[in-house]
Each structure stands twice: as C-alpha cells, then as structure tokens.
Number of protein chains: 2
Amino acid sequence: MNTHSQMINGLDKDQMMTTIAAIQQQPGLARFQFRARNRWVSGGENRSTIQDFYGAGQEDDSRAQPFHFTNGEPPVLLGANEGANPVEYLLHALAGCVTTTLVLHAAARGIRIRALSTELEGDIDLHGLLGLDDGVPAGYEQITIRMKVDADCSDQELEDLMGYARQHSPVCNTVCRPVPVRLERVV
Amino acid sequence: MNTHSQMINGLDKDQMMTTIAAIQQQPGLARFQFRARNRWVSGGENRSTIQDFYGAGQEDDSRAQPFHFTNGEPPVLLGANEGANPVEYLLHALAGCVTTTLVLHAAARGIRIRALSTELEGDIDLHGLLGLDDGVPAGYEQITIRMKVDADCSDQELEDLMGYARQHSPVCNTVCRPVPVRLERVV
C-alpha cells in the first residue's frame, strides 16, 4: 500500500473525507473561534500574537510557539515601514484564503493544481480614514484579484472552481458581506 | 526650538496637519492603491510579497526590501502550522487598523495614549467553507474586539474616540461593509 496515494494538491484526501463525515454526524465540530492579541508600540506600529484557537470541539494545542506580526506604516503615512500596514495584511489574508479554498475544493473534485499565483490590488481613498468626507467609505472601495492557475481540468471546470472558491472563501466572504464588529472597552 | 515638541502618540503632528492641508487642496492625493502578490506552495501553504503601492500622487519607493508572509493551516485543518491562517491574519489586520486609527485621531484631538492593547475573537462555522450548508456564511459570523486603553482624557472622551475609530478604520469598515471583490483569471 502506498501511503501517499491519497495526497492531492498537498492535502490528505482521506483526512478531508473523514473530517467532512465527522462534521456531518456532529455539526458542532465545525464551530471555530480564532483569536489575536495586539499591543500598540508607538504611532502606526503595533504587534500581534496569534497562537490558540478553538475548533473541532476543543482548544487547539498544536502550536508550541506563537506567531508574531508587526503592523507599521510607510513614511507617507507617518511611519517608518516597521511592517506592512493593516490594509496590506488584509490583502495577504484574502489572497491566501481564496487560494486555499480553491486548492481544497479542487482536491475534493479530483482536480490537480500544478501552479497558482495571484496579484491583488485594493483601492482606498483616505478622505474616509481622515474623516474629511463622510460620503467616502473608510475601507477599500473594491479589491481585484488576478489569478493564474495551471490545473489538469478544462477551462469551464476551472471557471466553475474559481467562482466556487470566491463564494466559499471565509476571508473573501467576510470582505464581501457586512460582518458585525463589536468594539468593547475593558476597564 | 524643541524639534520633538510636535510629537504626540509617536506621530508628528506637523506632518499630520501638512498632509491634511495638502489633501484638502488637492483631493487626488488621498487616492491609494495597495497590492500583494501571492504564490501557492502546497496544500494550505502560500506566501505573499508586499512592497510597492501608489499613494499621495505617486508610486511609493520607500521600501528597499519587500515584506514576506506565509499562510498555513493547523493540523486539524489539514496543514502543518506553516504560518498563521488567513482568517487569523485578518484579525491581525483588524486589530492593527483600529489601533492605528484610534491613535491617529487621539493625536488630532490632543489626547495622549499611554498604553493600548486589544484581544480579538472571531467566530466561524466551517459548514460555509466546506459547502455543506448554503445557509451558513463562509466568513466570520461576528468579530469582537476587547480594548484596554490608558489615555489622558475622560471616560466620555475615550468612548467617543473608540466609536470614531471603529467607524473610520479602513479594515474595520472593509469588514463591516460589503466590499466588492473581483476574481479574474489571467491566461
């Protein structure tokens, strides 16, 4: 028996199918809670720590060390490029999520992905952030993802897969749909 | 003359005021375009490069080196913790953006921030991602930000400032409001 026979697109198809069957039997296993802790440093610089999360019915303990990320701003936005800025990290999150969602559903359909890359552009008007014009939204006006995919399927199958990934990507859906954000003060 | 006299919350108040005056005179300076390039590695692992952007009327050239970020997934989501996952990066982006927006508008109001930290939680049901239930959104159901702030202002001023930051944060606004995302195939 070849233990690698079930790998497709770097994913273990047996584990995928087992996970889906488990969720279908016990829907609560699909409930996840992700978390981040952030501390302001100075100006536009602040740092996040990401480690624990809840999912599949328990607290995850798979990460021995936390991930650390630094937000910063470029000089034109009053910073010193201490890190990428928050709206750039959002593009990174979106790129990764649409990619992983596509690769996952390709695997479920038996489509092999040979290569996949994306370029993202997001347009923003700082009148919103600065409070200079209440008619201008503070966030992105629109975001464009240009995707190159090399896969062993027809053009039509690939178009279907891309549309499906766009609809089912958690970050893409969070951006496309209004998601409530509560900001609470801890005293 | 003390050259540090105009620094507040780590921001140069003179530069802030100059920027705002310039935008008021020439509104096109407020148009920014941020970008990311991402390449799939395998499974849930992919990597972004972030460097250039357009803003204040020109291509920015302040970054000699690009930023690199790796998305991954934990074992329970078929990965090997190659990096934080995309929905976790979104929380990092949101934390940083609300923080920077608050610190910026505090500076504009003459409020000094001594310390600021946040804890974020985002709830998600994987029935959406997996396409197991069309009634379940793929993205976050809601996100909660718990913020601790130590500032030299009254409770009421702080509550006002927090509400203003929530409304004017670009990432928070992108999450709270439906933002169009176009996914185009490049052949």
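Just so we're on the same page: letters track the sequence lines, and every chain starts at 1. Below, all heavy atoms of this structure are taken into account, side chains as well, without hydrogens, waters or symmetry copies. Nothing here was measured: the structure is a model prediction, and the numbers come from that model.
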>> Which one wins on heavy-atom pair count under 4.5 Å against chain B: A:Leu130, A:Thr100, A:Thr118, A:Leu77?
In response: A:Thr118
> Relative to chain B, which segment of A:Leu90 carries a heavy atom at a distance below 4.5 Å: side chain, backbone, both, or neither?
Replying inline: both
> In Å and rounded to the nearest 0.5 Å, what is the CG to CZ distance from A:Leu116 to B:Arg39?
Replying inline: 11.0 Å
> Taking every heavy-atom pair that is under 4.5 Å apart, which of A:Glu45, A:His127, A:Gln24, A:Gln142 has the most such pairs with chain B?
Replying inline: A:His127
>> Quick one, A:Asp152 and A:Ile111 - any side-chain contact, counting heavy atoms below 4.5 Å?
In response: yes
>> At a 4.5 Å cut-off on heavy atoms, which part of B:Leu29 comes close to chain A: side chain, backbone, both, or neither?
In response: neither
>> Is B:Glu73 in contact with chain A via its backbone, its side chain, both, or neither, using a 4.5 Å heavy-atom distance?
In response: side chain
> Among B:Asp60, B:Leu102, B:Val76, B:Leu126, which has the most heavy-atom pairs under 4.5 Å with chain A?
Replying inline: B:Leu126
> Who among B:Ala93, B:Cys172, B:Gly128 has the most heavy-atom pairs with chain A under 4.5 Å?
Replying inline: B:Ala93
> What option among B:Gly55, B:Gly79, B:Gly72, B:Pro27 has the most heavy-atom pairs under 4.5 Å with chain A?
Replying inline: B:Pro27
> Given that the side chain runs from C-beta out, which part of B:Thr144 has a heavy atom under 4.5 Å from chain A: side chain, backbone, both or neither?
Replying inline: both
> Taking every heavy-atom pair that is under 4.5 Å apart, which of A:Ser117, A:Ala36, A:Ser42, A:Gly10 has the most such pairs with chain B?
Replying inline: A:Ala36
>> What's the separation between atom CD1 in A:Ile50 and atom CG in B:Leu91, rounded to the nearest 0.5 Å?
In response: 6.5 Å
> Using non-hydrogen atoms only, which part of A:Val179 is less than 4.5 Å away from chain B: side chain, backbone, both, or neither?
Replying inline: both
>> Looking at A:Arg166 and B:Val181, would you say the former's side chain and the latter's main chain have a donor-acceptor pair under 3.5 Å?
In response: yes
>> Between A:Ser62 and chain B, with a heavy-atom cut-off of 4.5 Å, which part of the residue counts as in contact: side chain, backbone, both or neither?
In response: both
> B:Ile113 versus chain A, heavy atoms under 4.5 Å apart: side chain, backbone, both or neither?
Replying inline: both
>> If I measure from the heavy atoms of chain A, does B:Val187 come under 4.5 Å with its side chain, its backbone, both, or neither?
In response: neither
> Rounded to the nearest 0.5 Å, how far does SG of A:Cys97 lie from CG of B:Asn85?
Replying inline: 8.0 Å
> Taking the six-membered ring of B:Phe53, is NZ or CZ of B:Arg63 closer than 6.0 Å to its centre and within 45° of its axis?
Replying inline: no
> Is there side-chain contact between B:Arg47 and B:Asn71, with heavy atoms separated by less than 4.5 Å?
Replying inline: no
> Side chain, backbone, both or neither: which part of A:Val41 has a non-hydrogen atom closer than 4.5 Å to chain B?
Replying inline: neither
> What residue in B:Ala80, B:Ser48, B:Gly28 has the most heavy-atom pairs under 4.5 Å with chain A?
Replying inline: B:Ser48
>> Between A:Ser169 and chain B, with a heavy-atom cut-off of 4.5 Å, which part of the residue counts as in contact: side chain, backbone, both or neither?
In response: backbone
> Measuring from B:Arg109:CZ to B:Leu104:CG, what's the distance to the nearest 0.5 Å?
Replying inline: 10.5 Å
>> Need one label for B:Asp155: side chain, backbone, both or neither, based on atoms under 4.5 Å from any heavy atom in chain A.
In response: both
> Out of B:Phe69, B:Phe34, B:Phe67, which one pairs with A:Tyr89 under the ring-ring contact (aromatic ring centres under 6.0 Å, His included) rule?
Replying inline: B:Phe69
>> What's the separation between atom CD1 in B:Ile23 and atom CZ in B:Arg31, rounded to the nearest 0.5 Å?
In response: 11.5 Å
>> Treating A:Glu159 as the side-chain partner and A:Ser154 as the backbone partner, does any N or O pair qualify as donor plus acceptor under 3.5 Å?
In response: no
> Given that the side chain runs from C-beta out, which part of B:Val87 has a heavy atom under 4.5 Å from chain A: side chain, backbone, both or neither?
Replying inline: both
> Considering only heavy atoms, which portion of A:Phe32 lies under 4.5 Å from any heavy atom of chain B: side chain, backbone, both, or neither?
Replying inline: both
>> Applying the side chain to side chain donor-acceptor pair (under 3.5 Å) criterion to A:Glu121, which one of B:Arg182, B:Gln33, B:Arg35 satisfies it?
In response: B:Gln33
>> What part of B:Tyr54 gets within 4.5 angstrom of chain A, counting heavy atoms only: side chain, backbone, both, or neither?
In response: neither
>> At a heavy-atom distance under 4.5 Å, which candidate from B:Gln51, B:Glu88, B:Gln167 has the highest pair count against chain A?
In response: B:Glu88
>> Which atoms of B:Pro66 are under 4.5 Å from chain A, going by heavy atoms: the side chain, the backbone, both sets, or neither?
In response: neither
> If you tally heavy-atom pairs under 4.5 Å against chain B, which of A:Asn81, A:Val103, A:Thr49 wins?
Replying inline: A:Asn81
>> Is the positively charged end of A:Arg177 above the ring of B:Tyr140, judged by distance under 6.0 angstrom from the centroid and angle within 45° of the axis?
In response: no
> For A:Tyr164, does its backbone N or O pair with a side-chain atom of A:His168 as donor and acceptor, under 3.5 Å?
Replying inline: yes
> Taking A:Ala95, A:Pro74, A:Ala107 one by one, which has the highest count of heavy-atom pairs under 4.5 Å against chain B?
Replying inline: A:Pro74
> Among B:Gly163, B:Ala115, B:Gly122, who wins on heavy-atom pairs under 4.5 Å with chain A?
Replying inline: B:Gly122
> At a heavy-atom separation under 4.5 Å, does B:Leu132 approach chain A through its side chain, its backbone, both, or neither?
Replying inline: side chain
> Taking the side chain as C-beta and beyond, is there a heavy-atom pair between B:Leu94 and B:Ile143 under 4.5 Å?
Replying inline: yes
>> So which residue, A:Ala165, A:Gly131, A:Ala56, ends up with the most heavy-atom pairs under 4.5 Å with chain B?
In response: A:Gly131
> Hey, does the side chain of B:Gln15 reach the backbone of A:Pro75 with a donor-acceptor pair shorter than 3.5 angstrom?
Replying inline: yes
